[in-house]
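Below is one structure, written out as structure tokens; comments come after it.
Basis for what follows: all heavy atoms, side chains included, without hydrogens, waters or symmetry-related copies. Per chain, numbering begins at 1; letters A, B, ... match sequence-line order.
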2 protein chains.
Amino acid sequence: MVSLNLDREVEQRLGDHDVRYTRGRRVVVSALAASDGPRSAAELHREIGPDLPLSSLYRSLSVLEDAGVIIPHHGARTLTRYELAEWLAGHHHHLVCVECGSVEDIEIPKKHESRVKALVQELSDGASFTPLNHALEIEGRCSKCT
Amino acid sequence: MVSLNLDREVEQRLGDHDVRYTRGRRVVVSALAASDGPRSAAELHREIGPDLPLSSLYRSLSVLEDAGVIIPHHGARTLTRYELAEWLAGHHHHLVCVECGSVEDIEIPKKHESRVKALVQELSDGASFTPLNHALEIEGRCSKCT
DNA sequence: CCTATAATAAGAACGATTCTCATTATAAGG
DNA sequence: CCTTATAATGAGAATCGTTCTTATTATAGG
Ligand SMILES: [Mn+2]
Ligand SMILES: [Mn+2]
Ligand SMILES: [Zn+2]
Ligand SMILES: [Zn+2]
């Protein structure tokens with residue numbers, strides 16, 4: 001899913017935003033690239049380890065979001081999870097478990113995707129709304145929680 | 001959108017959960033029934049007025065959620081908005097403005113809805129996921145923010 | 001090397017939400 | 001009507017994720 005030149009592309013993008021691609025930022029991007037779904041600051045901190053303090057992790061997330069490298073996902077109460085932006089990870093949707101709160105990426109076949117896209121455009125037109133993106137979130141129970 | 005017997009149905013549901021349909025809870029349900037989209041505690045408090053203290057409002061929201069009368073929506077950072085559950089308000093989707101954060105309800109024609117539903121089922125099957133519901137969130141700019 | 005600027009890290013501050021607990025309202029029996 | 005047990009309320013403290021402040025450290029150029 002993730003480009004082989006991920007670091008190259010992120011470096012480029014951060015350069016365009018006049019910020020450096022530092023160690024802390026690299027490790028965050030790397031952790032998100034290895035995830036099969038969005039991750040919260042706490043989850044990333046657990047995964048990355050205490051070498052990257054929470055305050056620094058939060059600031060890295062903020063910088064990466066401003067640069068458009070990652071995007072926030074708000075599927076759970078009082079918790080923001082992040083994932084690589086779609087220009088890096090590809091367009092996809094989510095399976096959200098109502099039991100354990102986990103969120104997993106899911107891709108949908110192109111033909112279905114184009115149908116959804118057309119529907120989104122049609123609905124937006126009818127509401128004088130300018131669509132930029134759409135998210136299909138499927139809520140239910142994951143295989144572990146069944 | 002909302003049943004004419006809303007109060008009747010909510011009263012019934014709360015009774016099944018052994019909680020009373022008190023004044024505070026009624027005013028919250030009424031405010032949500034009058035909204036064209038999900039509302040946060042702060043928004044409801046502004047709308048309802050200071051007669052219902054925030055702490056009571058929050059507890060009313062919690063009780064109503066436990067009873068399945070309202071459901072939380074997590075479209076905005078660090079903020080939970082609530083709306084009437086679908087068995088009361090009907091199934092629908094959302095237009096989310098990335099500029100001002102507002103969220104508006106939108107209904108989609110039945111034929112489209114059934115297509116989406118079929119797609120959701122198909123995707124879930126392929127991931128051994130048990131779907132309970134789905135949410136199509138259209139992100140973009142509302143008419144005010146264009 | 002120097003120096004200006006950017007990034008980091010520790011902890012304080014903040015805001016939304018939840019909890020605690022003393023007070024008040026309500027329903028059911030007597 | 002009273003009584004009494006239970007439920008609900010409201011004020012404020014506590015909590016938790018997140019953001020801000022500020023002193024220190026790292027880095028890119030000159
Ligand atoms: Mn994702
Ligand atoms: Mn809605
Ligand atoms: Zn699960
Ligand atoms: Zn708007």
Side-chain angles (χ1 to χ4, degrees), chain A residues 10-32 38-67 69-83 101 103, chain B residues 10-32 38-67 69-83 101 103:
Chain A
V10 172
E11 186 156 38
Q12 171 73 46
R13 174 65 79 108
L14 289 185
D16 294 347
H17 282 252
D18 298 315
V19 294
R20 300 174 191 158
Y21 195 20
T22 59
R23 184 180 130 55
R25 294 165 190 179
R26 280 177 198 274
V27 75
V28 168
V29 167
S30 168
L32 288 179
R39 293 289 180 266
S40 68
E43 289 165 344
L44 290 170
H45 190 245
R46 223 171 295 131
E47 219 161 301
I48 291 171
D51 282 10
L52 185 59
L54 252 191
S55 67
S56 300
L57 207 170
Y58 270 111
R59 201 158 15 69
S60 287
L61 290 173
S62 167
V63 168
L64 291 169
E65 182 184 0
D66 287 349
V69 172
I70 64 177
I71 56 173
H73 178 267
H74 309 285
R77 183 123 59 179
T78 67
L79 189 96
T80 302
R81 289 189 165 110
Y82 290 89
E83 59 184 351
V103 181
Chain B
V10 172
E11 185 157 39
Q12 171 73 46
R13 174 64 79 108
L14 290 185
D16 294 347
H17 283 252
D18 297 315
V19 293
R20 300 175 190 158
Y21 195 21
T22 59
R23 184 176 145 54
R25 295 166 188 176
R26 280 176 198 274
V27 76
V28 168
V29 167
S30 168
L32 288 178
R39 293 289 180 266
S40 68
E43 289 164 344
L44 290 170
H45 190 245
R46 222 171 295 131
E47 219 161 301
I48 291 171
D51 281 11
L52 185 60
L54 253 190
S55 67
S56 300
L57 207 170
Y58 270 111
R59 200 150 18 71
S60 286
L61 290 172
S62 167
V63 167
L64 291 169
E65 182 184 358
D66 287 348
V69 172
I70 64 177
I71 56 173
H73 178 267
H74 310 285
R77 182 122 60 178
T78 68
L79 189 96
T80 302
R81 288 190 167 108
Y82 290 88
E83 59 185 350
V103 181

Length of the [atom1]-[atom2] vector between [X] and [N], whole Å:
X       : N      : atom1 : atom2 : answer
B:His45 : C:dT17 : NE2   : C1'   : 14 Å
A:Leu14 : C:dA6  : CG    : P     : 15 Å
B:Arg23 : C:dT26 : CZ    : P     : 11 Å
A:Leu54 : C:dA9  : CG    : C1'   : 11 Å

message: Looking at A:Arg39 and A:Glu83, is there a salt bridge between them, counting it only when a charged N and a carboxylate O are closer than 4.0 Å?
response: no
message: One thing to verify: whether A:Glu11 and A:Arg25 come together as a salt bridge, which I'm taking to mean a side-chain N less than 4.0 angstrom from a carboxylate O.
response: no
Please report the interatomic distance [atom1]([X]) to [atom2]([Y]), rounded to the nearest 0.5 Å.
X       : Y       : atom1 : atom2 : answer
A:Leu44 : A:Leu57 : CG    : CG    : 6.0 Å
B:His73 : B:Tyr82 : NE2   : OH    : 12.5 Å
B:Thr80 : B:Ile71 : OG1   : CD1   : 12.5 Å
A:Ile70 : A:Arg81 : CD1   : CZ    : 14.0 Å
A:His74 : B:Leu79 : NE2   : CG    : 10.0 Å
A:Tyr58 : A:His45 : OH    : NE2   : 10.0 Å

- prompt: Any donor-acceptor pair under 3.5 Å linking the side chain of A:Ser60 with the backbone of A:Ser56?
  reply: yes
query: Taking the side chain from B:Glu43 and the backbone from B:Ser40, do they hold a donor-acceptor pair closer than 3.5 Å?
result: yes
For [X], report the nucleic acid contact type (base, sugar-phosphate, nothing); a contact means any heavy atom under 4.0 Å.
X       : result
A:Leu79 : sugar-phosphate
B:Val63 : nothing
A:Arg25 : sugar-phosphate
B:Thr80 : sugar-phosphate

Enumerate all atom pairs, one protein N or O and one N or O from nucleotides 10-14 of chain C, separated by less than 3.5 Å.
| from | atom 1 | to | atom 2 | distance (Å) |
| --- | --- | --- | --- | --- |
| C:dA10 | N7 | A:Ser55 | OG | 3.0 |

- request: Return no unless some side-chain N or O of B:Tyr58 is found under 4.0 Å from OP1 or OP2 of C:dT18.
  value: no
message: I need the residues from residues 69-78 of chain B with at least one non-hydrogen atom less than 4.0 Å from DNA chain C; give them sorted by number, or say none.
response: B:Thr78
message: Does atom CZ (B:Arg26) have a neighbourhood of more than 12 heavy atoms from anything else shown, all under 6.0 Å?
response: yes
- line: Under a 4.0 Å heavy-atom criterion, DNA chain D is touched by chain A from D:dG17 to D:dT27
